[in-house]
Amino acid sequence: VVLPLAMANWLCLLSLIAASSAAHLSQVGQYAVKFNASDTTLTVQRADASAKVIWRSRGLLALSIVNMSIGGHGGAFEVASAVKCTAEAPVVDSNTTTATSVTLHGRFPVTRCTAYPNTTMISFNLTVATTSLSDNQVQVTADLNESFCTDFQRNEQATLTCQVSVLADSSKTEILSGFGLQYSLLNAKGRVLPVISSEQGIGRGLPFLTEALNKIEPGQGGNWHTTYGAIAHYITSSNVSVYYNTTGYAVFDMTHEDVIAAHFVQTHLTWFVMDQDTPLDLISEYTLHSGRQPPLPDWVLSGPIIGYYGGSDRVLALHQRVKDLGIDVTAFWLQDWSGLRKTTGADRLWWNWEVDDDSYPDWDAMVATLFNSNTYVMTYVNPYLAVNVNSDKKHYHRYLFQEAADLGYLVKNSTGDPYVDFSATPDFLFGTFDLTNPDAVNWFADIIRTNMLGRGMVGWMHDFGEYLPFDANLSNGHPGQVHNKFPELWASVGRQAITASDGSLLEAAFFTRSASSQSPRYTTLSWAGDQLPTYDSCDGLQSMLITRISKGMSGLALGSADIGGYTMVKEPFLNYTRDKDLLLRWMETAAVTDMIFRSHQGNLPDESHQVYSDNSTLLCFARAAALHKLFTPYRKQLMQEYQSTGHPLIRSYGMNYPNMYPLDYSIANKTLEPCHDGDDIVIMLGTDFVHAPIVKKNSKSRNVTLPQGLWVQLFTNEEYEGGKHDVAAPYGQPIIFYNSQSIVGPAIANQLKEVTKWPCHF
């Protein structure tokens, strides 16, 4: 990513004096708004005795014309931009004040843009107003005269656009958390972070692996900020939260100690500044914008969900084997229900969303057999449709790509034909549903109801959503504004499919990996995506835990992950396959952190250790699932709390103890390296439980720092004072503490025989 304009240019701009009038003070709700014309700063602060400053601009706004292009395919994108010209500092000519708002009326002189002599200034309005959502936030709106930008784009290159920049005060020690689904850090201070959804990449900066993959295919390895869900929202350690209500591409430059520079390629911009006394209450404020996920149905909340594949006979055989061990299975998750196809290097799914008659010739009988044992079936879907089904698939009932193309329901290219992209290899071709077309949304929701729910599937992975190309043609809207919005549009299809005619939700659940700012109001569950079977914070177990915390800050409190990771690589000199140690430790963590307890066979199932590889692993899986089940009543309690407050279930110490710990405690990455390579990561479930996962291969103990007070280790009943301790962690006995004042902790401890009856030996 090329930063739109060097910070030095902005700081030079800010040295200019825009006007000479005295400071102006107005009351907006419970906040005082002050504009100082001499240095063009706009300050919003509490109007009470504390006079807490919640937001202060540097230079009001800045405007430039940039030449921008965003290219790429298959979920990997490259952004390039260059500044053509920069307007002078804004001049404020007048203001308008009402009981609920203050508006500054001004202009940007653009005499520097000598290539455009007919334009001498661009007018703007900047409004600070109350919002009906809450008394603890203000809404700021910037509107620029768009005619210049529109004419400019029409008369010059299509890639030229106006860029508005908002510069806000910061401090050297301020922590900046959030920004959607972040996987490697909880503090972006000192970094440049683009807001663009994409594939997260394989390795994401992990030494050697990422470099090697990026050489094979640019972008394949990703980096520390590539994410399935980038959102222009952050929380500060000053107990302020800022949410820019935009789905367009943006860049946040936090490399300077005292400034946060946010750059947007649009001329109408609204943002909200939220003010509270604690991080949890700030998250509550934000979820008034994002919405909150609905409660999950009871059936999915406890019991193991086994990811499997290979057809009806294999599924029923594994089911019998598991039953013979005395293990009750909540569901089988069958990703290959639509069939497998041969592609270069790997078997992939047929993205033609109907039951595959070759793999599952007796699908309905299999579903009935499983259901009679109280075992459900879950599957998979994504917003893409495979090309060449009619020529390359042995048996099919409907060629959905062709149907959608004939109906005009697919994203189009510049010639008006369906936009055909590829995933991973050029022989894996697909088209994309145009989710800006309401008729296409209804059609796809009906496919899910008929071909999935109608065939006995009660849940599914609602995959992808990050691939929309920036040169696509849509039924409604520009891809530059829709790309980051596409994940929530995709989630809304799933929500529509499980909504009954009376508005109630069916007893079904789907889990998404991509996200936009409004995803929480649509998706039932958010899963962490495709991690490596490693322990690191670039792309392994630790990265999953970090994103669970960052998702909670973004309103996605109900989440889970693929137990054991998904993405495996086995090439000469590159071997990242799942072993038993990693799988067992991931099970233990999922027992505490995950809303649903679901395994995944991964992309190389025959090369990796599985929960069903041997009976000893199955017994360990049953033990971890039993522990997960003991936490179900507490998770349901927290889920109810989330419905009313927006508070996340998985938290950092800094969320629960903001006066004692920073927001990024135990996950601090102060080196600006891609990964945090520590082994001290701790998380909390609600306020009652501390979990210290094992994050080093073959480790049997680790150091744990406990908050102030008295804590009880769940499995040993030993009491520990707050502070640092070395704690043993044999397999099957994860490090879990509960607060000595907890009511729930002793209740779970008293039921541990339901866990320890399952042996776990390595």
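Count residues from 1 along the sequence.
Here the closest non-hydrogen pair linking Thr524 and Pro294 is CG2-CG, 4.1 Å. Closest heavy-atom contact between His628 and Asp594: NE2-O, 2.7 Å. Annotation for Tyr720 and Leu706: closest pair CB-CD1, 3.6 Å, computed over non-hydrogen atoms. Looking at every heavy atom in both residues, Ala728 comes nearest to Ser701 through CA-CB, 3.8 Å. Between Trp350 and Ser338, the shortest heavy-atom contact is O-OG, 2.7 Å. Contact between Ser423 and Arg348 at its shortest, heavy atoms only, is OG-NH2, 3.0 Å.
Note that OH of Tyr566 and CG of Asp539 are 12.5 Å apart. Values are rounded to the nearest 0.5 Å. In this structure, NE2 in His609 is found 8.5 Å from CG in Asp579, a value given to the nearest 0.5 Å. One finds the CD atom of Gln601 at 9.0 Å from the CG atom of Asp562 (value rounded to the nearest 0.5 Å). Here CD1 of Ile306 is found 11.0 Å from CD of Gln610. Values are rounded to the nearest 0.5 Å. One distance of note links OG1 of Thr567 with CD of Glu199; it measures 8.0 Å at 0.5 Å rounding. For the atom pair Lys570 NZ and Tyr576 OH, the distance stands at 14.5 Å (nearest 0.5 Å).
Counting heavy-atom neighbours within 6.0 Å of Gln741 CD, excluding the residue itself, gives a total of 12 or less. Heavy atoms from other residues, nucleotides or ligands lying under 6.0 Å from NZ of Lys580 number more than 12. Within a 6.0 Å sphere centred on CG of Asp362, other residues, nucleotides and ligands contribute more than 12 heavy atoms. Other residues, nucleotides and ligands place more than 12 heavy atoms under 6.0 Å from the CG atom of Asn603.
A 4.5 Å side-chain heavy-atom check between Tyr380 and Trp353 finds at least one atom pair inside the cut-off. Residues Tyr360 and Val367 form no side-chain contact, since every pair of their non-hydrogen atoms from C-beta on lies 4.5 Å or further apart. Considering only heavy atoms from C-beta on, Leu583 comes within 4.5 Å of Ile563 through its side chain. For the pair Val355 and Trp337, the minimum side-chain heavy-atom distance is below 4.5 Å. Considering only heavy atoms from C-beta on, Ile681 stays 4.5 Å or farther from Tyr535 through its side chain. Between His725 and Glu718, every side-chain heavy-atom pair lies at or beyond the 4.5 Å cut-off. With a 4.5 Å cut-off on side-chain heavy atoms, Val458 and Leu453 do not count as touching. A 4.5 Å side-chain heavy-atom check between Gln200 and Glu466 finds every atom pair outside the cut-off.
In this structure, the side chain of Asp680 does not engage the main chain of Asn703 through any donor-acceptor pair within 3.5 Å. Between the side chain of Lys700 and the backbone N or O of Asn698, at least one donor-acceptor pair lies under 3.5 Å. Using modelled atom types, no side-chain atom of Gln733 and backbone atom of Phe715 make a donor-acceptor pair closer than 3.5 Å. Side chain of Ser543 to backbone of Gly540: a donor-acceptor contact under 3.5 angstrom is found. A donor-acceptor pair under 3.5 Å is formed between the side chain of Arg314 and the backbone N or O of Tyr309. Of the possible polar contacts, none joining the Arg548 side chain to the Ala561 backbone as a donor-acceptor pair under 3.5 Å is found. A donor-acceptor pair is defined here as one N or O able to donate and one able to accept, closer than 3.5 Å; no such pair exists between the side chain of Asp679 and the backbone of Arg702. Between the side chain of Asn717 and the backbone N or O of Val712 there is no donor-acceptor pair closer than 3.5 Å. When atom types are taken as modelled, the side chain of Ser554 and the backbone of Leu556 share no donor-acceptor pair closer than 3.5 angstrom. Counting only distance, with no hydrogens or angles, the side chain of Thr330 and the backbone of Ser302 share a donor-acceptor pair below 3.5 Å.
Ring orientation note: the planes of Phe371 and Tyr376 are nearly perpendicular, at an angle over 60° on the 30°/60° scale. Using the six-membered ring where Trp is involved, Tyr731 and Phe762 have ring planes that are perpendicular, over 60° apart on the 30 and 60° scheme. Between His462 and Phe510, the angle of the ring planes lies from 30° to 60°, which puts this pair in the tilted group. Relative orientation of the Phe511 and Trp333 rings is tilted, given thresholds of 30° and 60° on the angle between their planes. Below 30°, between 30° and 60°, or above 60°: for Phe332 and His319 the angle between ring planes is above 60°, a perpendicular geometry.
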Legend entry - Test salt bridge (charged side-chain N to carboxylate O under 4.0 Å, His left out) applied to Lys342 and Asp347, step by step: CA-CA 5 Å; Lys342 294 288 184 182; Asp347 289 341; 3.1 Å; yes
Legend entry - Stepwise side-chain hydrogen bond (donor to acceptor under 3.5 Å, both in side chains) test for Thr617 and Asp614: CA-CA 6 Å; Thr617 307; Asp614 52 53; 2.6 Å; yes
Inset, instruction - Would you sort out whether Thr523 and Gln293 count as a side chain to side chain contact (heavy atoms under 4.5 Å, CB included), showing the intermediate values? - result: CA-CA 6 Å; Thr523 189; Gln293 294 163 272; 4.0 Å; yes
Inset, instruction - Apply side chain to side chain contact (heavy atoms under 4.5 Å, CB included) to Thr593 and Phe631, showing your working. - result: CA-CA 9 Å; Thr593 62; Phe631 281 101; over 6 Å; no
Inset, instruction - Let me see the working for Leu429 and Phe401 under side chain to side chain contact (heavy atoms under 4.5 Å, CB included), right down to the final yes or no. - result: CA-CA 11 Å; Leu429 302 175; Phe401 172 88; over 6 Å; no
Inset, instruction - Let me see the working for Asp530 and Arg513 under salt bridge (charged side-chain N to carboxylate O under 4.0 Å, His left out), right down to the final yes or no. - result: CA-CA 9 Å; Asp530 301 343; Arg513 76 172 190 183; 2.9 Å; yes
Inset, instruction - Run the numbers on Arg495 and Leu505 for side chain to side chain contact (heavy atoms under 4.5 Å, CB included), then give the verdict. - result: CA-CA 8 Å; Arg495 184 62 171 268; Leu505 297 184; 3.4 Å; yes
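Side chains of Arg204 and Ser184: a donor-acceptor N/O pair is present below 3.5 angstrom, by distance only. Arg292 and Tyr642 share no side-chain donor-acceptor pair at under 3.5 Å. For the residue pair Asn352/Tyr396, the side-chain donor-acceptor check at 3.5 Å is not satisfied.
Taking the six-membered ring for Trp and the full ring otherwise, Phe597 and Phe621 have centroids separated by under 6.0 Å. Checked against the 6.0 Å centroid threshold, Phe444 and Trp490 count as a close aromatic pair. In this structure, Phe428 has its ring center under 6.0 Å from that of Trp351.
Of the candidates His397, His395, Lys394, Asp357 forms a side-chain hydrogen bond (donor to acceptor under 3.5 Å, both in side chains) with just one, namely His397.
Remark: Lys393 engages Asp356 in a salt bridge, criterion side-chain N to carboxylate O under 4.0 Å.
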